[in-house]
Amino acid sequence: MLAYYDAWEHHTSEDAWAKSWWEMSAHIGDRIATILGGARGSVQVQPNASIALSSVLSCFDFTSTKRSKIVASGLDFPSMRYILDAQTPMGARVETVASDDGVTIPTERILAAIDDGAALVALSHVSFRSSYRTEVEPIVERAHKHGALVLLDVYQSAGVVPLKTSEWGVDFLIGGTIKWLCGGPACGYLYVRPDLQGRLQPKLTGWVAHSTPFDFAPPPISYDKSVRRFAQGTPSIPALYSVLPGLQIIEEVGVESCRAESARRTEWMIDFALERGWKVNSPRDVNQRGGSVMIYVDDGPGMVQRLNERGVFVDCRPGVGLRMSPHFFNTDEEVQEAMEILAEVI
Ligand SMILES: Cc1ncc(COP(=O)(O)O)c(C=O)c1O
């Protein structure tokens with residue numbers, strides 16, 4: 001942020017826009033793409049994940065086709081659900097696949113909802129409320145077989161779960177850099193499958209999406225050929241600066257290492273919790289989990305506060321309890337100490 005301040009201080013004499021700021025979105029997009037397991041040129045930074053999703057939805061015309069269904073899940077982040085719901089006056093039908101236990105959703109149930117009427121399957125890869133990890137490959141396979149596209153919200157997985165975006169053939173990813181990517185608030189991103197990009201014309205748009213933005217041409221817009229066609233207006237440069245150190249650290253540590261540490265520690269945390277008879281609201285199977293562990297407590301906000309006073313920093317979500325999220329920078333000793341403090345506080 002001091003580097004931003006310095007560039008801003010001198011930007012008129014050195015023209016920071018021409019020197020680096022204009023290119024910054026594309027450079028950061030490429031670095032995020034690599035972490036997501038996608039190709040260079042497949043990620044456009046966005047103000048946040050909600051706008052990224054809105055951009056994708058604005059490419060669809062739900063009114064003039066029978067293919068108007070959006071398949072979603074009951075474990076998705078509220079933004080996603082609000083934004084999908086907002087498409088219904090434009091002709092979309094949203095089918096939300098329910099979770100019986102509030103923690104998991106059987107893959108078969110999602111697959112059963114995908115038919116020839118589906119335009120888009122839009123799901124969390126890892127759920128914000130239970131850390132449940134969706135099985136990607138069968139969903140992409142079935143959706144593509146029925147002519148539907150697949151969007152995954154990877155906000156809760158990118159940086160702690162290795163993603164094989166190109167291999168999976170998934171069409172869109174949305175997310176942001178605040179969580180496992182250790183960035184500041186707020187920089188979102190949108191991945192679009194490279195061979196799909198040129199076929200889409202987002203109605204949520206702006207001058208930065210134009211092929212020659214500095215011509216300031218009259219409408220209609222001529223979308224850029226690159227993933228920049230999914231941009232809107234001026235990028236938030238301070239947000240981009242706030243992303244850089246986190247990306248560098250995650251690149252150096254490597255997502256595979258983050259995952260290995262996370263899997264070992266969260267397994268241990270769950271064993272610790274179950275031995276004491278606590279209710280764990282995350283899947284027991286490490287292959288069905290992201291990086292967080294939810295442990296039920298009666299008074300979530302009060303417990304967060306009491307743990308905070310003891311130097312243990314966690315959060316909570318309604319109905320599921322504490323959300324504990326050790327990352328690569330924690331030590332095993334810290335994780336053990338945190339769980340012992342939790343036992344004392346409980
Ligand atoms: C799964 C998921 N999606 C989206 C968001 C937030 O998105 P936005 O960048 O729009 O704030 C969060 C934030 O907590 C999240 O957990």
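Hydrogens, waters and symmetry mates are skipped; everything else that's a heavy atom, side chains included, is used. Everything quoted here is computed from the prediction, not taken from an experiment. Start at 1 and go down the list; that is how both ligands and their atoms are numbered.
Among residues at least two apart or in separate chains, ring pair (Phe, Tyr, Trp, His ring centres under 6.0 Å) pairs with a member in residues 31-72 are Phe60-Phe62. Within the structure, ring pair (Phe, Tyr, Trp, His ring centres under 6.0 Å) contacts touching residues 282-305 (residues at least two apart or in different chains) do not occur.
You'll find the side chain of Ile295 reaches within 4.5 Å of the side chain of Met339, heavy atoms only.
Taking a heavy-atom cut-off of under 4.0 Å, ligand 1 is surrounded by Asn48, Ala49, Ser50, Phe77, Phe128, Asp153, Tyr155, Gln156, Lys179.
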List, one per line, each side-chain donor-acceptor pair under 3.5 Å for residues 216-223, sequence neighbours excluded.
| unit_1 | atom_1 | unit_2 | atom_2 | d |
| --- | --- | --- | --- | --- |
| Ser222 | OG | Ser211 | OG | 2.8 |
| Tyr223 | OH | Pro202 | O | 2.6 |

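When all heavy atoms of Cys258 and Gly159 are compared, the closest pair comes out as CB-O, 3.6 Å.
More than 12 heavy atoms of other shown residues, nucleotides or ligands fall within 6.0 angstrom of atom CD in Gln288.
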